[in-house]
Structure formats: structure tokens, C-alpha cells
Amino acid sequence: MTERSIRRNRLDQAITPYAFITPYFLLFALIGAFPLLFTLWVSLRDWDLIGGDGGFVGLQNFVDVLGEPTFWVALRNTASIFLLSVIPQLILATAIAYALSTNLRAKTFWRMGVLLPYVLAPVAVTLVFNDLFGDSFGLINQGLQAIGLPSVAWHENTIASHLAIATMVNFRWTGYNALILLAAMQAVPHDYVEAARLDGAGPLRTFFSITLPQIRPTMIFVVVTATIGGLQIFDEPQLFSIHDRGGPDNQWVTLTMYLYNIGWTQLNLGRASAIAWLLFVVIVGVGLLNFSLTRMLRRDTPTSRGAVR
Amino acid sequence: MNRIGKAFAPIAVIALTAGVLTGCSTAGGGTDGGDVELTLSTFGEFGYEDLLTQFEDENPGITVTQRVDVNGDAARDATNTYLAAGSGLADVVAVESGWLAQMMQYPDKWTPVADDLADRWLEWKSAAATDADGVIRMYGVDAAPVGICYNRDLFANAGLPTDRAEVATLLTGDWAHFFDVGRDFTTKTGVPWINASSAVGQAQVQGLEIAFQDRDGEVVATTNPDVKAAYDLAVSAIDVTANMATFGEDWTKGLGQSSFATQICPSWMLGIIKSSAPDSTSWDVAEVFPGAGISWGGSYLAVPTQSEHPEEAQKLADWLTAPEQQLAAFKAVGSFPSQVEALADDALRATSEPFFQNAATGEIFSNLGTAIDVRPYNGPLSSQIMVFFNDALNRVEAGTDPAASWSQFESDVDSLS
């Protein structure tokens with residue numbers, strides 16, 4: 001090989017990797033960074049959704065939003081619906097994944113089955129659930145009344161509305177998360193499990209001492225994606241009652257719904273952009289929390305412990 | 001790959017891409033001599049289904065697809081979104097009078113209505129859709145006089161008259177009288193008298209010339225004593241309401257389940273009741289309204305300038321709002337004409353509605369329409385404030401203290417500015 005071709009080869013090695021990852025960064029700049037910065041710019045201006053720019057107003061939009069009780073109610077609702085959905089969802093998904101990882105008959109059928117709710121259009125699912133959670137004529141309330149119990153005011157009581165919405169979210173995402181966790185469980189080295197069995201550990205003990213510690217990184221991934229999705233929740237609460245957009249008392253207004261109401265009903269895009277940025281800050285905050293959590297868990301290496309005890 | 005192949009690869013890629021791109025552009029722009037596909041967006045019931053088939057038959061080469069939103073609020077949000085995006089609006093868009101003023105803030109987003117159509121509509125109807133330069137921007141659809149729909153079977157159970165003339169006599173009077181009758185009814189039967197206090201409150205507000213925003217654009221919602229009076233009256237009715245806000249899920253089902261005895265009925269409500277409770281045989285409509293007569297809602301069709309086929313779209317909007325077609329729509333779903341010629345047509349007064357026990361709806365709503373003195377003014381913010389006003393009453397219905405709910409209404413209205 002000539003010196004020239006070696007040099008060319010080096011240059012190739014130096015540039016090619018970057019060339020390969022460039023499309024991602026170009027795309028990110030286009031659909032990630034640009035909207036982010038543009039939103040920041042809009043948030044500092046008086047901007048009518050249809051009429052357009054009305055001039056610089058400084059931080060006024062942020063002051064308005066933070067001074068608005070509805071914003072804080074929306075933040076509370078988002079957190080509440082998030083917790084009500086993500087915790088049961090993870091527990092259920094882990095249980096389902098563990099069940100699916102055992103020797104089942106017609107494995108593929110069951111695995112595809114849990115993914116089915118994820119494939120359904122969320123709007124269609126919500127319409128069905130709306131029939132379930134109707135206040136006067138809903139299936140659940142009619143069932144409760146039939147056995148002599150008081151009915152639940154799904155669209156009046158704050159917690160009840162959150163539960164109903166969380167149920168729709170869980171229906172959609174549990175199976176999806178279960179499959180991801182299942183993949184992680186199958187990557188757990190069989191030696192560990194075998195060693196534990198030889199030491200006399202039962203299935204429960206094996207699960208808690210081997211499987212769970214081994215899938216922690218995946219678990220954290222699932223938590224992070226669920227966090228981002230949960231904080232941006234929109235479809236389910238928006239469709240929970242098409243009529244009164246979040247409840248007469250803002251019982252189930254989430255941050256994204258609040259953003260939508262301000263921007264697209266009140267046409268105040270400047271203020272909506274301020275909400276978008278505040279939401280961004282909240283998500284980054286929670287994301288950082290998750291990051292530090294991840295680092296903590298890494299230091300606590302599970303592999304050295306698992307099988308021995 | 002050989003040398004030549006290597007050299008040609010990028011060229012091949014470029015050629016392919018170019019081919020795809022040009023392929024796209026010809027597919028997108030090619031309408032020469034071909035069919036025109038129009039879209040029409042409406043909400044609730046406009047009664048256009050048969051008319052659109054007729055239009056397609058009479059205009060070969062044009063097909064029309066209708067998109068229907070569940071109610072005016074949903075249609076408003078969708079219209080805002082597409083208007084802001086600059087694309088996505090239907091070629092013909094239905095606009096409700098409540099948020100007409102919001103749309104008229106941007107008159108240049110709508111193509112003008114031909115001058116020779118100016119006298120088609122009642123003066124107040126076209127005036128609301130006329131911009132500062134005197135150009136009409138939207139085609140008037142319906143006027144919406146309001147009567148009272150009632151459930152005959154429930155009335156009979158309570159020993160009340162069921163004949164619509166007798167019901168009209170029974171209910172003639174002010175709102176206090178209307179609720180007195182209602183209280184007797186509810187005491188006897190245990191069934192609520194009317195669907196929701198927000199329906200009562202909204203009807204009151206529709207009877208005010210100036211309610212939430214005055215003609216100078218000033219927001220007066222929280223200082224206007226008439227609005228507070230409407231709120232107080234609606235709150236006073238809470239003991240006879242079913243807590244089923246109009247257009248809610250429960251309301252839609254409640255119509256078919258005899259969950260309440262009366263329903264405030266703008267003419268367009270006939271079609272909605274019919275489609276929500278198709279199996280019901282109990283609903284009837286009486287020529288009476290508590291207090292003074294009002295109109296509630298009523299819509300327009302508009303052709304956005306972003307439409308790719310403005311000529312065909314204008315043709316469709318023109319045709320649909322012509323007197324003859326409006327009469328057909330009235331027959332189908334009760335969309336009561338705002339066109340002068342249609343109002344004078346004998347066919348209008350001859351119209352009756354089988355679903356409402358063959359009530360002479362043409363006669364009833366014509367009479368209700370002539371009795372209206374007040375034309376409410378809606379500002380750009382009116383429709384948004386109406387949402388807050390309904391929320392306030394729905395909160396009270398759910399158990400919130402009326403005074404606390406009112407102060408939340410005040411802060412909601414403040415947040416708009």
C-alpha cells in the first residue's frame with residue numbers, strides 16, 4: 001500500500017464516522033433544536049396564533065403563566081396522573097414480563113397479545129373507555145349501582161378523573177413496557193439463575209435476587225421514557241371529556257392541555273410558548289433526577305451480589 | 001463494484017431522487033381537466049348529507065367530502081389550528097356565530113362573498129359577517145330561534161298537559177314561572193326538569209345584546225349586572241337540573257333515557273336530539289320561551305383563502321346556503337333559514353317533523369323567530385368567556401359554592417388579558 005493510500009485511509013477513518021452520524025444531528029437541529037429555540041423566541045413576544053407577532057414583551061408571558069393558578073393545578077394534575085400511571089404500570093409490566101419469560105405454551109401468541117393495546121389508536125381506545133367511565137350511564141357506575149354501591153363521579157371528583165385517565169394510559173403502555181422488560185430478562189445469563197436454583201432459591205427468590213437486579217438498567221430506561229411520555233400526556237385527558245376540556249374546575253387539565261387551551265383556543269401563542277418552556281424545564285429537571293439515580297444504581301453493582309447470597 | 005459503476009453510483013442516486021421529486025410535484029399539482037375534490041367541515045347536524053349527493057350529481061367532476069366535528073367548540077379549535085398553520089382547512093368551513101367575531105378578526109383569511117348575494121340574508125345575519133370595509137366574508141346558514149322541547153311521556157306521568165299548545169300556555173311567563181312549574185314536576189316525579197343550569201345560564205346570556213364584551217372590545221363579563229343576574233338565576237335552578245351539561249356524554253345518552261323533562265331548543269337542536277335519541281318517541285316541541293324570545297347560535301359557511309379550489313368551493317357554499325337548499329336542510333335537521341326568500345316561502349311554514357310527533361316546526365319556529373327583538377353582539381373573546389361561564393355553572397352543579405365559583409370565573413376572565 002502506498003503512503004498516499006494509507007493517509008487517505010486515515011482520513012477516511014477520521015471522517016467517515018462523523019459522516020455517518022451527521023444525518024442525526026442535522027435532523028435534530030431541524031426538528032429538535034430549531035423548534036426549541038424558536039419557541040423560546042416566541043415566548044418572549046406578544047404573539048397571536050393567527051395574527052402573528054405583536055412585539056417584544058420580555059418575560060411577561062412567564063410572569064403571567066406563573067401567576068395563573070391554572071398552571072399550578074395543571075402541574076399538580078400532570079404529576080398525579082403520572083404517578084398513578086407509571087407505578088402500577090411498571091409493577092404490572094414486570095410481572096407480565098416475568099410470566100412471559102417462563103415456559104409458556106404458544107409463547108408468541110401471548111407476547112403479541114400484550115402488545116395489542118399499544119397498536120390500537122388511542123382515540124378509539126379513549127372512546128371505549130369514555131363509555132366505561134360515564135357518570136350517569138357508564139358501564140362501571142351502572143355495575144356499581146346494580147350491586148347497591150354509590151356511583152363514582154368520574155368527571156367531578158379530581159382523584160376519580162385521574163384514576164380513569166391513568167387506567168387508559170396503563171391499558172396502552174403496560175404491554176409495551178412488558179415486552180422491553182421481557183427482552184432484558186431474556187438477556188440475563190442463565191448461569192446465574194442455575195446457580196441460584198442449585199443453592200435452593202425458589203422462583204420468587206430468584207426473581208428478586210437475580211432477575212430484578214440484572215434488568216435494572218433497562219428498568220431505568222423504561223422509567224425515563226415513561227417519565228417523558230407521562231409529563232407530556234395529552235390524548236387521554238383531552239378526550240376524556242371533549243365537551244369541557246379538562247373539567248369545569250380544571251380537575252384533569254394537564255400541562256400540555258393547558259398549553260393547547262391557551263395557544264389554540266385563546267390564540268395566545270406567546271403565553272403557550274412560555275408554558276412549553278416551563279414544561280421543558282420540568283422534564284429536564286426530572287430527567288436529571290433520573291440520571292443521578294442511574295449513576296447511584298451503577299455504583300451499586302448487582303452482578304457481584306446476586307447469586308452469592 | 002467496478003470503476004465505472006462506482007463513478008455512476010452518485011449520479012444514479014441524484015437521478016433517482018430527482019425522479020421521485022418531480023413525480024411528487026406532478027402528482028400534487030395535476031388537476032388539469034381532472035376531478036376536483038372539495039372538503040366541507042361542519043359540526044353537529046347541518047343536514048347536508050343528501051344535498052351533497054345532489055350537488056355532486058349536478059356538478060360532474062366535483063366530489064365533496066364532509067368532515068364533522070362533535071360540536072362548535074371542537075370545530076373552533078380545529079379551525080384555529082389550520083388557520084394558524086396556513087393549510088389543512090376544508091375548502092368550505094362552517095363557522096358558528098359565537099366565534100364568528102374571532103374569525104372576522106382576520107378577514108383576509110376568507111374569500112369575499114359575491115356582491116350580488118348581499119340581499120340573500122336577513123340584515124343582522126350578513127352584518128355580523130361583514131368586515132370593516134363592508135365586504136361580506138361568510139355565507140349565512142341558519143337563524144336560530146329558540147323554543148322549548150319537552151318529553152311528552154314525562155309530562156303525562158306528572159299529570160301535566162302533553163298537547164303542544166297547552167304546554168305553550170302552561171309555560172308562558174318568566175323564568176321564575178318556568179322553574180315553579182319545574183319544581184312541582186320534580187317534586188311529583190323525582191325526575192329533573194331540565195338538563196343543566198349551564199343551559200339556563202347560556203340561554204339568558206344569548207338574550208343580552210351586550211353580554212361579555214362590548215362593541216369597543218372592552219371585556220365587561222364580570223362587571224355586567226345582566227351577566228351576574230343570569231348566573232344567579234341559573235344557580236337558583238340547581239335543584240331541578242339533571243347535571244348533564246349540553247353536549248356532554250351523559251346528556252347525549254340522557255336525551256334517549258328520559259333523564260330530564262325539558263330541553264332548551266334552538267331550531268338546530270331538533271336535528272341533534274333526533275340523532276342522539278333516534279329511538280325515542282317522547283320528544284315534542286312547544287312554541288314558547290320563558291321571558292323574551294332569543295336566538296341561539298346559527299352558523300355560516302366560509303371559503304378560506306388557503307383553499308386550492310376557491311371557485312368550486314364558493315360555488316358549493318353559495319349553493320348550500322341558497323334558499324331552496326336551506327329549506328331542505330330545515331326539513332332534515334331543523335336548520336332554520338336566515339335567507340329572506342326562504343322565510344317567505346310557504347314551504348317553510350308547511351314543514352313538520354315526524355320525530356317531534358309531527359309538530360309543525362316551520363310554523364313554530366317562524367313565529368318564535370318573529371318574536372325576537374334582541375340580536376346579541378359577540379366580540380372576539382365572547383366564545384372563550386362563554387366556556388368559562390359554562391364551567392362556572394357546571395362547578396356549582398358539581399357542588400362548588402356559587403360565590404366561590406363566580407370568583408373563579410372572574411379570575412378566569414382576567415387571565416384572558
Side-chain angles (χ1 to χ4, degrees), chain A residues 42 46-52 60 64-65 67-71 73 126-127 129-139 141-142 151 153-158 160-161 238-251 253 257-258 260-269 271-272, chain B residues 69-71 73-74 76-86 99 102-103 105-106 109 196 198 242-254 256-257 259-260 380-381 383-385 387-400 404-405 408-409 411-412 414-417:
Chain A
V42 173
D46 173 21
W47 196 296
D48 183 275
L49 180 73
I50 299 164
Q60 190 56 45
D64 286 346
V65 171
E68 193 58 58
T70 314
F71 172 79
V73 172
T126 313
L127 288 178
F129 273 100
N130 273 346
D131 250 3
L132 224 55
F133 291 114
D135 293 62
S136 303
F137 305 111
L139 212 58
N141 275 348
Q142 291 199 327
S151 56
W154 297 112
H155 291 80
E156 281 173 14
N157 184 302
T158 306
S161 70
Q238 173 76 8
L239 291 166
F240 181 54
S241 167
I242 301 166
H243 172 65
D244 48 14
R245 58 189 72 247
D249 207 11
N250 295 324
Q251 292 98 321
V253 166
M257 273 177 86
Y258 179 53
Y260 179 75
N261 288 348
I262 297 285
W264 277 263
T265 304
Q266 301 184 11
L267 308 183
N268 193 339
L269 199 65
R271 205 181 282 180
Chain B
D69 272 305
V70 283
N71 60 44
D73 281 359
R76 177 194 57 202
D77 291 353
T79 306
N80 283 341
T81 306
Y82 296 133
L83 212 50
W99 40 280
Q102 201 177 32
M103 298 296 134
Q105 288 182 107
Y106 321 101
K109 302 274 186 195
S198 52
N243 191 8
M244 294 182 180
T246 319
F247 296 120
E249 301 253 324
D250 280 342
W251 175 79
T252 310
K253 292 201 175 111
Q257 308 259 355
S259 300
F260 42 86
L381 292 174
S383 127
Q384 180 59 42
I385 298 174
V387 172
F388 293 150
F389 187 73
N390 281 333
D391 280 352
L393 287 166
N394 289 334
R395 279 195 296 271
V396 176
E397 195 115 31
T400 306
S405 188
Q408 191 175 333
F409 170 67
S411 76
D412 282 345
D414 283 345
S415 78
L416 284 176
S417 49

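Throughout, a chain's letter reflects where its sequence line sits, starting with A, and its residues are numbered from 1. Keep in mind that this is a model prediction, so the values were computed, not measured.
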Check your understanding: Given side chains that start at C-beta, do those of B:Phe388 and B:Gln408 come closer than 4.5 Å, heavy atoms only?
Key ->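 No. Closest side-chain heavy atoms not under 4.5 Å.
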Check your understanding: With side chains defined as the heavy atoms from C-beta onward, is the minimum distance between A:Phe129 and A:Leu239 less than 4.5 Å?
Key ->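 In short, these two side chains do not touch, never coming nearer than 4.5 Å.
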**Study point:** Parallel, tilted or perpendicular: ring planes of A:Phe133 versus A:Phe240, cut at 30 and 60 degrees
**Key:**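 Aromatic pair A:Phe133/A:Phe240 classed perpendicular.
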Practice item. Would you confirm whether A:Asp135, through its side chain, and A:His155, through its main-chain N or O, come within 3.5 Å as a donor-acceptor pair? Key: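 Yes, because the side chain of A:Asp135 sits within donor-acceptor range (under 3.5 Å) of the backbone of A:His155.
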Point to revise | Donor-acceptor under 3.5 Å (A:Asp249 side chain, A:Gln251 main chain) | key: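 Side chain of A:Asp249 to backbone of A:Gln251: no pair is present.
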Review point. Where does A:Leu267 contact chain B at under 4.5 Å (heavy atoms): side chain, backbone, both or neither?
Key: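 Only the side chain of A:Leu267 comes within 4.5 Å of chain B.
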Review point. For A:Gln266, is it the side chain, the backbone, both or neither that has a heavy atom under 4.5 Å from a heavy atom of chain B?
Key: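 Its backbone and side chain both get close to chain B.
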Check whether [X] gets within reach of chain A through its side chain, its backbone, both or neither, counting any heavy atom under 4.5 Å.
X	result
B:Ser259	side chain
B:Arg395	both
B:Asn243	side chain

Check your understanding: Can you tell which of A:Asp48, A:Asn250, A:Asp64, A:Asn157 has the highest number of heavy-atom pairs within less than 4.5 Å of chain B?
Key ->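 Answer, by heavy-atom pair count under 4.5 Å with chain B: A:Asp48.
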Point to revise | chain B contacts, top residue of A:Asp131, A:Leu269, A:Asn261 (heavy-atom pairs, under 4.5 Å) | key: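 It is A:Asp131.
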Review point. With sequence neighbours excluded, what pairs up with B:Ala404 under the side-chain contact (heavy atoms from CB on, under 4.5 Å) test?
Key: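 In terms of side-chain contact (heavy atoms from CB on, under 4.5 Å), with neighbours along the sequence ignored, B:Ala404 is linked to B:Thr400, B:Asp401.
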